[in-house]
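Here's the structure, in structure tokens; my notes come after.
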Amino acid sequence: MQSSAALEYDYSVAKLYMWTAVIFGIVGMTIGVLIASQLAFPELNYLFGEYGTFSRLRPLHTNVVIYGFTVSGIFATFYYSAQRVLKVSMGESKLLNGLGYLQFILYLIAATGMVISELMGITASKEYAQMEWPLDVLIVVIWVLWGVIMFGLIGMRREKALYISMWYYIACFLGVAMLYLFNNMEVPTIFFSGGVGAWYHSVSMYAGTNDALVQWWWGHNAVAFVFTVPIIAIIYYFLPKESGQAVYSYKLSLLSFWGLMFVYLWAGGHHLLWSTVPDWMQTMGSVFSVVLILPSWGSAINMLLTMKGEWNQLTENPLIKFMVLASTFYMLSTLEGPIQAVKSVNAIAHFTDWIPGHVHDGVLGWVAFMIFAALMHMATRAFKREIYSKSLLEAQFWIQTTGVVLYFTSMWIAGITQGMMWRAVDEYGNLMYSFIDTVSVLHPYYTIRAIGGLLYLIGMFMFAYNFLMTATAGRKLEQEPQFRSPMA
Amino acid sequence: MFHWLEKNPFLFSVGVFIVIAFAGLVEILPNFAEASRPIKGLKPYTVLQLAGKEVYKKDNCIACHSQLIRPFKSETDRYGKYSLSGEYAYDRPFLWGSKRTGPDLHRVGNYRTPDWHANHMWDPKSVVPDSIMPAYKHQFKNVADMKTAYAEAVTVKKVFNTPYGDEIQPGKAAFEKYYKTIALPEALKIAKAMKNKDVLAMVQQGKIPEIVALVAYLERLK
Amino acid sequence: MNSFIVKGLVLAGVLIVATLVVIKQMHIDLSDPINLITFLGAIAIAVLTFGVGAKYMAQMKTDTAGGELAEENWDGIGEYKNELPAGWAWSFFGTMVWAVWYFLWGYPLNAYSQIGEYNKEVKAYNAKFEKKFEAAAKDPATLRDMGESIFLVQCAPCHGETGDGLSGKAQDFEQRMSKKQVLAVLKSGQHQLMYPLGAMPAGLASGQQAEEVAAYIAGGMKGKAPAAWATCAGCHGQDGTGNGGTAPNLKTYDETLVTHVLKHGKTGIIGHMPAFPGRFTPIQEKALAAYLQTLKQ
Ligand code: HEM
Ligand code: HEM
Ligand SMILES: [Ca+2]
Ligand SMILES: [Ca+2]
Ligand SMILES: [Cu+2]
């Protein structure tokens, strides 16, 4: 082992992605609060003409938070931590650093194209795969560049064995590559129509039930390889690093990783329960979802046990708070998901607000919390400054935690109620509720969710301010801290 | 235990890839041919209906509406017979949705009418006072993109052998002919049933507003 | 340590109780197996997550880290060679065994089919409600209530929640027929409801005579019938109730009329009413008629 002081890491690409994570976070969550409010107060649909309806904005929300905020967070943490655990600097290779810049520029172009096309209503209308083929092509290039850089760095590494985080980044790269390609197989119509029609338009290679199968093979694993796998990469680096604690168990890391890899891919059928896909595939989806609880909980438990005996750190360091609570929310969503995947439960849960509830346990409590903690930790090293305000971070933590709790409890109750109302019959066996009854009853819960979302957004703004001030006005650090990030 | 693998990034990556690719092969491939067979008598979408489907995609109705009636008594009572795989054979992409903020629409053509849709899309609260669905007034003004819909028909005919007749041919001339002789009359019928003067006037001038295409599509859902 | 778990479980309990209170307010029947399993699932999620999460939180307070460190170290991050937590390892093993068993033996042996399950559900439903339906058919008040609940689910989007036709968008049930409607039928005839008498011929009355019968019908057929009514009575019966179901009842929404409309749909001067063939049982149609009759002023 060499001493790390010998290496000057180059964070220039990482920093760019740190900024886009913050910006996309603000944009995506602002839209989130707007669409949440539209369901409670439909008049809000008419603020921006045809571009402001709930239905146009909803995919904009999901795409900006996923491909803007989360993916920026993933790239930022990768460009930061891969150098450190591989013990090689981006600065050592002009080529790799240049490709990193190129990747960032292409990423910005793709993200802009995504936002514009979504507002215009140019969409393939498949969830989490709305982008039309010209953007798909661009995304493939971006992804390939990432692969080149990743394996380039690995090729140059000084640390023989790959650290756990690297396992997960590699899996993220491979998984998304495979799934994205297959799900976006589409035929551009302009090539066949003899010059008639829009150049960007395409039709899916798959039809009906087949399309559904491929789409949810993707959709489910987009969750796996964007909201889970790379976020685990983040926690395995940043929690031990910030706390200075050694990872609790190598064996647990190992079994959780390979278990997750194997099991996740089989579970996609749980999005298609009671549909027209064959019964055995649905059953497979349910069964593997239940098995999936353990490899998921394995990582969370490993992290919680890493903090064994460190209660002091939890009370004193808001970054540790974020990460420990994130592990717990990860446990919540990876138990909730499998139970929603049981066929009988899914009969109620599917199509209701309980699903967005489950989603936001994961994305707000786990994904975004991890990204916040990682960004702040990185800021102290990348900008060589002290965190601007600890109390602001502390306040953000409590405000956002309240926001998540309001979000998930309201959607939990709303979803279960609505699902059961759809089934309810009166004493003579007639449907008890008209559809609109089951909508009206949700009004209070939609309102509570909007308030919870607003709290979360306020926290996001506090974070952005804190981050900006850290980068520009935090006290300069003479020396890079070994573990705990210094904060004022 | 597995340390040797972690020191060999190439083998490690191959290992990960095999482990994750495996499930796709087993789960997805076997059913492919089987599930794409249309039910008897299923006709491909007309170009007007395809244009309507594009409006459905553009305004992203899938955000709130499903098109999948599950085999439960409560759903078949509410929406009609449960959905069959073969009914979706021409759906590219499938539009099952994953959230029912509004009701299922897979058979809405059975129990709603063009003039009801006209009222409802213009102002949902005028027919369902508590509705939270947005009004889509712009669909009454925007002209439907019939060309792209036509391009889609040509493409699926050529690439996937979707059974269209000779009226669907590549090229601008073929499109113009189709538009005048087939699409406009079809649109006119819908526009008349919608009982909206402005819409009817627009179609009579040879322009098809998005709402007419959308209603043609919704009426087709049976 | 315990205080943490207790707090976790209290949190879980609050969420579960709140859910229970809300669904009970909506008259949800928890003995329905799907509802029951879902509710138990919700309990499991809340209790296990908050309980187990609290357990590990408690360990942060009371336990201390330790174990043998691996020789590797990445950017200052070490790694213990601790054994797997036993509860986790056994649960993982258990679910794997269960999955293999379920997939290879448990599931195919059941020869499960979801459409088969649907058919069973419908059969069970019919067995459960058949008797109740019959009892309901005999009691006008129940019949009316039944009709109302079906109406609100299926018909209200067009006819309005009160059946007023939403200012002319569909039939207004406060009146069997308006004058305008009768005049239109007299002028053009009608053949879409498929009564035994077949078509209603066009032009049976015109001018003053038509005005008079139309006013008479629209007014609920009260008072003395105009002379021209005699023509109509031949088919619609002297009292206008449809001559034993061979032609439409012009006085009120009787069962026969509703059945015919639901079976064939109807296009008139207001618009088009879609058909609902096979969607309702005969008793449900009877109930709808009973309800529609009560909507007249
Ligand atoms: C053990 C792990 C998990 C399982 C088995 C699981 C299972 C499920 C199930 C059954 C659904 C509902 C499908 C439906 O009825 O529509 C669902 C939806 C979803 N889950 Fe999970 N879940 C897991 C973990 C997670 C995590 C950790 C996240 C995010 C951080 C997440 C994000 C989502 C999203 C975004 C959807 C919505 C998909 C849609 O648009 O319909 N899941 N999940
Ligand atoms: C201020 C915080 C946020 C609010 C108020 C919010 C609100 C919403 C709303 C209202 C929906 C639509 C639900 C529906 O159709 O019923 C939604 C969907 C979604 N949001 Fe958020 N959101 C927030 C933050 C985020 C973040 C940070 C992420 C990801 C990192 C995210 C990911 C998603 C996803 C994946 C869906 C689609 C779920 C599905 O289709 O089932 N959201 N959000
Ligand atoms: Ca695409
Ligand atoms: Ca969804
Ligand atoms: Cu999933």
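None of the values given here were measured: they were computed from a predicted structure.
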So which part of [X] gets closer than 4.5 Å to some heavy atom of chain A, the side chain, the backbone, both or neither?
X	answer
Phe17(B)	both
Ile18(B)	neither
Leu84(B)	backbone
Ala149(B)	neither
Val16(B)	both
Leu95(B)	side chain
Val19(B)	both
Asn142(B)	side chain
Phe12(B)	both
Tyr82(B)	neither
Met133(B)	backbone

Which residue out of [options] racks up the most heavy-atom pairs below 4.5 Å with chain B?
options	answer
Asp353(A), Ile190(A), Val263(A)	Asp353(A)
Gln38(A), Gln130(A), Glu118(A), Arg157(A)	Arg157(A)
Gly155(A), Pro188(A), Ser275(A), Gly195(A)	Ser275(A)
Arg56(A), Met166(A), Arg423(A), Lys160(A)	Arg56(A)

Side chain, backbone, both or neither of [X] within contact of chain B (heavy atoms, under 4.5 Å):
X	value
Val439(A)	side chain
Leu44(A)	neither
Glu127(A)	side chain
Ile154(A)	side chain
Ala124(A)	backbone
Lys126(A)	side chain
Trp167(A)	both
Phe173(A)	neither
Met120(A)	backbone
Tyr264(A)	neither
Ile436(A)	side chain
Arg58(A)	side chain
Thr123(A)	both
Gln418(A)	side chain

So for atom [atom1], which belongs to [X], do other residues, nucleotides or ligands contribute more than 12 heavy atoms lying within a distance under 6.0 Å?
X	atom1	result
Phe182(A)	CZ	no
Phe48(A)	CZ	no
Tyr179(B)	OH	yes

Those residues of residues 163-174 of chain B, ordered by number, that approach chain A below 4.5 Å (heavy atom to heavy atom):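 Within residues 163-174 of chain B, the residues that come under 4.5 Å of chain A (heavy atoms only) are Pro170(B), Gly171(B), Lys172(B).
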
Interface residues of residues 39-57 of chain B facing chain A - non-hydrogen atoms under 4.5 Å apart: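 Glu54(B), Lys57(B), listed by number.
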
Winner by heavy-atom pair count (cut-off under 4.5 Å) against chain A, out of [options]:
options	result
Gly102(B), Ala21(B), Pro71(B)	Gly102(B)
Ala135(B), Gly97(B), Ser83(B), Cys64(B)	Ala135(B)
Ala153(B), Cys61(B), Ser66(B)	Ser66(B)
Val156(B), Ile132(B), Val154(B), Asp77(B)	Ile132(B)
Lys125(B), Glu152(B), Glu87(B), Glu75(B)	Glu152(B)
Lys158(B), Lys157(B), Lys137(B), Lys147(B)	Lys147(B)

Student check: side-chain heavy atoms of Phe262(A) and Phe288(A) closer than 4.5 Å: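 In contact.
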
Side-chain touch Ile69(B)/Lys81(B), heavy atoms, less than 4.5 angstrom: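 No, their side chains stay 4.5 Å or more apart.
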
